[in-house]
There are 2 protein chains.
Amino acid sequence: MENTGEVKVKSLYKCLKILECFTAKTPDLGITEIAKKLDLNKSNVFNMISTLVAAGYVEKNPTTDHYRLSLKMLEFSYVITSRIEYQAIVMQIMQRLSNELNHAVLFGVMHGTQVLYLYNTYPKSISNDYLVRSLMGEKAPLYCTSLGKAILSALPKEEVSVHLDDHLVPFTKTTLTSVEELMRDLKLSASRGYSVDNSEHEQGIRCIGVPVRARDGRLIGGMCVSGPVQHIPDDDIERLARNLISASFEIRNRT
Amino acid sequence: MENTGEVKVKSLYKCLKILECFTAKTPDLGITEIAKKLDLNKSNVFNMISTLVAAGYVEKNPTTDHYRLSLKMLEFSYVITSRIEYQAIVMQIMQRLSNELNHAVLFGVMHGTQVLYLYNTYPKSISNDYLVRSLMGEKAPLYCTSLGKAILSALPKEEVSVHLDDHLVPFTKTTLTSVEELMRDLKLSASRGYSVDNSEHEQGIRCIGVPVRARDGRLIGGMCVSGPVQHIPDDDIERLARNLISASFEIRNRT
DNA sequence: TATGATGTTCTACAATACAGAACAGCATGC
DNA sequence: GCATGCTGTTCTGTATTGTAGAACATCATA
């Protein structure tokens with residue numbers, strides 16, 4: 001007798017859909033805007049938003065006069081991250097790796113067909129090539145990121161397709177858009193122990209990723225170094241990958 | 001005609017209260033447990049939780065068979081943090097400060113009577129004195145943290161009381177529990193430009209904090225170094241404070 | 001086998017969410 | 001200056017739907 005997760009309170013479900021309208025690209029929304037997007041009644045949306053404002057999770061942006069998620073929402077983040085296993089070990093090793101390799105390092109987990117980024121670290125001397133920011137909660141497709149491909153390459157072949165979007169949208173010229181290409185790439189990644197994203201998601205950004213496991217062998221996520229192509233030349237990939245692999249191994253040993 | 005933020009959808013408000021039951025200290029909850037805590041009907045809570053599960057924001061912890069917030073909730077974090085001003089500048093300077101001073105550095109903002117921590121950085125060589133973790137979304141009272149007191153010390157005197165809890169609960173022996181003591185401390189902090197938390201919140205942890213402003217003079221938060229008392233001896237406070245103050249000044253200049 | 005926890009299902013009734021209309025405020029246009 | 005079209009906001013009657021309570025399932029422990 002397991003909770004199947006049915007939608008039993010429709011108004012609540014609606015409200016969650018309203019909250020999902022707020023994205024990094026569209027963080028400021030008006031009532032009518034939301035109502036149109038979700039095909040809901042204006043007053044319906046207004047009542048929901050008013051309640052969210054009353055509870056402190058949504059606020060009015062005084063400059064645009066639109067609504068946005070407020071900082072209170074971040075309180076949930078800490079509840080979640082504070083219970084994630086191995087956080088201290090992973091972050092410590094990531095920070096060391098950042099400093100040793102002089103690159104940004106990212107850690108993320110599989111989340112449906114996407115990577116959900118959790119932590120990122122920067123090298124001790126941060127150049128202006130990096131936009132320094134927390135990526136916690138950011139998402140990206142599995143199929144076109146080194147982190148995603150590293151995780152996929154560690155899955156049993158029959159499980160991979162479950163985590164692929166129906167259509168492999170090309171973000172750049174080099175995005176792998178056919179399942180055959182991708183599977184070949186995953187096979188290669190699995191055999192050599194690391195994956196490479198050659199500007200497949202963002203033009204000019206190259207990443208090298210590895211799967212991360214716990215001591216018991218369980219896959220707990222993926223880790224990658226990321227940077228502008230000119231800072232990660234072809235002949236450096238092997239070295240970076242070796243460092244990542246040994247860091248991943250160290251995480252495994254210390255969990 | 002301003003949205004006053006009335007509770008217009010009671011079921012939604014109830015649900016938010018349910019979500020707030022999940023805390024860092026009690027991240028795993030059962031249906032009955034929540035129902036008791038909020039004095040709600042079991043089936044009522046069940047319906048809410050089921051809906052949250054359906055939407056992906058709550059999941060069952062397979063080991064405890066209780067419910068918990070799921071990683072999907074973190075997606076909101078990125079929506080919020082990606083719109084926070086000056087993130088890149090603040091984090092870059094914090095990371096440098098961490099390395100130079102060899103201490104953890106924290107940044108947070110005022111949030112009612114509490115500090116809401118946003119970013120934290122660690123020194124390049126992380127000793128085992130630190131539990132490395134992201135503090136984003138963590139809260140602490142303003143009155144007994146260096147970060148909080150730094151922010152309070154930068155407020156007009158008449159605004160301070162608005163941001164104080166009714167009762168200044170003592171967390172340790174050194175917690176300032178009278179408003180008079182606190183106001184004296186804030187006056188001192190304002191005059192010298194930095195605040196000190198002498199194990200007032202957590203036993204054995206000492207912090208030194210400064211307010212952080214934008215170019216236009218607007219207070220955007222506070223920043224502190226934090227560490228075990230034995231690593232921050234009395235005769236080092238001045239030096240750390242000077243570095244914090246100049247870092248805060250640099251942030252101001254670069255916004 | 002009994003007892004007392006838990007989570008889950010079901011149903012009937014009344015509370016309440018919501019659609020639609022109306023209004024307010026503020027632009028823009030002519 | 002009046003009209004037009006866009007917002008956000010208020011209000012109300014109705015029927016949708018949230019919810020209480022009872023019943024049941026499951027798993028403990030006594």
Side-chain angles (χ1 to χ4, degrees), chain A residues 1-23 25-70 83, chain B residues 1-23 25-70 83:
Chain A
M1 213 122 305
E2 191 58 24
N3 187 343
T4 49
E6 262 182 273
V7 176
K8 289 174 182 288
V9 186
K10 293 188 186 175
S11 62
L12 168 54
Y13 191 78
K14 253 189 226 176
C15 170
L16 293 170
K17 292 300 149 194
I18 289 176
L19 287 173
E20 289 172 7
C21 289
F22 296 93
T23 64
K25 275 177 194 161
T26 60
D28 275 42
L29 299 170
I31 300 286
T32 314
E33 206 174 348
I34 299 170
K36 270 184 193 153
K37 202 181 261 184
L38 298 178
D39 198 29
L40 292 173
N41 192 291
K42 259 203 307 182
S43 65
N44 194 343
V45 174
F46 179 78
N47 287 335
M48 299 275 199
I49 293 283
S50 292
T51 308
L52 288 166
V53 170
Y57 293 101
V58 166
E59 65 189 12
K60 238 186 182 168
N61 181 344
T63 57
T64 64
D65 221 53
H66 276 190
Y67 293 95
R68 65 182 182 190
L69 300 183
S70 83
R83 60 142 241 257
Chain B
M1 213 121 307
E2 190 59 23
N3 187 343
T4 49
E6 262 180 273
V7 175
K8 288 174 182 288
V9 186
K10 294 190 185 174
S11 62
L12 168 54
Y13 191 77
K14 252 189 226 176
C15 169
L16 293 170
K17 293 299 149 194
I18 289 176
L19 286 172
E20 287 173 9
C21 289
F22 296 92
T23 65
K25 274 176 195 162
T26 60
D28 275 44
L29 299 171
I31 300 287
T32 313
E33 205 174 347
I34 299 170
K36 272 186 192 151
K37 201 180 261 184
L38 298 178
D39 197 31
L40 292 172
N41 192 290
K42 259 202 308 182
S43 65
N44 195 342
V45 175
F46 180 79
N47 287 336
M48 299 274 198
I49 293 282
S50 292
T51 309
L52 288 166
V53 170
Y57 292 102
V58 166
E59 64 189 12
K60 240 187 182 168
N61 181 343
T63 57
T64 64
D65 221 53
H66 277 190
Y67 292 96
R68 65 182 182 191
L69 301 182
S70 82
R83 60 142 240 256

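Fair warning: this is a prediction, and the values are worked out from it, not measured in the lab. Letters A, B, ... are given to chains in the order of the sequence lines, protein chains preceding strands, and every chain is numbered from 1.
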If only side-chain N and O atoms of B:Lys8 are considered, is one of them under 4.0 Å from the OP1 or OP2 phosphate oxygen of D:dC11? no
Whole Å only: how far is the CG atom of A:Asn41 from the C1' atom of C:dA21? 10 Å
What about A:Lys42, does its side chain sit under 3.5 Å from the base of C:dG20 through a donor-acceptor pair? no
Identify the two heavy atoms, one from B:Tyr67 and one from B:Phe22, that lie closest to each other, and give their separation to 0.1 Å. O-CE2, 3.2 Å
To the nearest angstrom, how far is B:Glu33 atom CD from C:dA5 atom C1'? 13 Å
Between B:Ala54 and A:Glu6 the two heavy atoms that sit nearest each other are CB-C, 3.9 Å
Rounded distance (Å) that lies between atom C1' of C:dC10 and atom CG of B:Asn44: 15 Å
Using whole Å, what does the distance between atom P of nucleotide D:dT19 and atom NZ of B:Lys10 come to? 10 Å
By nearest nucleotide on DNA chain C, pick out whichever of A:Glu6 and A:Ser43 is the more 5' one. A:Glu6
So, does B:Lys14 get its side chain near the phosphate of D:dT19, meaning an N or O under 4.0 Å from OP1 or OP2? yes
Would you name the heavy atoms of B:Pro27 and B:Arg68 that are closest together and state the gap between them? O-CB, 3.4 Å
Hey, which of these two, A:Leu12 or A:Ile31, hits DNA chain D nearer its 5' end, going by closest nucleotide? A:Ile31
When the distance from CE of A:Met48 to P of D:dT17 is rounded to whole Å, what number comes out? 11 Å
Once hydrogens and angles are ignored, does a donor-acceptor distance under 3.5 Å link the base of D:dG8 to the side chain of A:Thr32? no
Looking only at side-chain N and O atoms, does A:Lys36 come under 4.0 Å of OP1 or OP2 in D:dC6? no
Along DNA chain D (nearest heavy atom to each residue), the more 5'-positioned of A:Leu29 and B:Leu40: A:Leu29
On DNA chain C, does the nearest nucleotide to B:His66 precede the nearest nucleotide to A:Asn47 from the 5' side, or the other way round? Give the residue. B:His66
Counting distance alone, no hydrogens or angles: does the base of D:dG18 have a donor or acceptor under 3.5 Å from a partner atom on the side chain of A:Ser11? no
Length of the line joining A:Ile34:CD1 and D:dT9:C1', which is rounded to integer Å: 15 Å
Take atom OH of B:Tyr13 and atom P of C:dA15, then tell me their distance rounded to the nearest Å. 22 Å
Salt bridge between B:Lys14 and B:Glu20, side-chain N to carboxylate O under 4.0 Å? no
Separation of C:dG25 atom P from A:Lys60 atom NZ, nearest Å, is 13 Å
Smallest separation among heavy atoms of A:Val45 and A:Ile31, with atom names: CG1-O, 3.9 Å
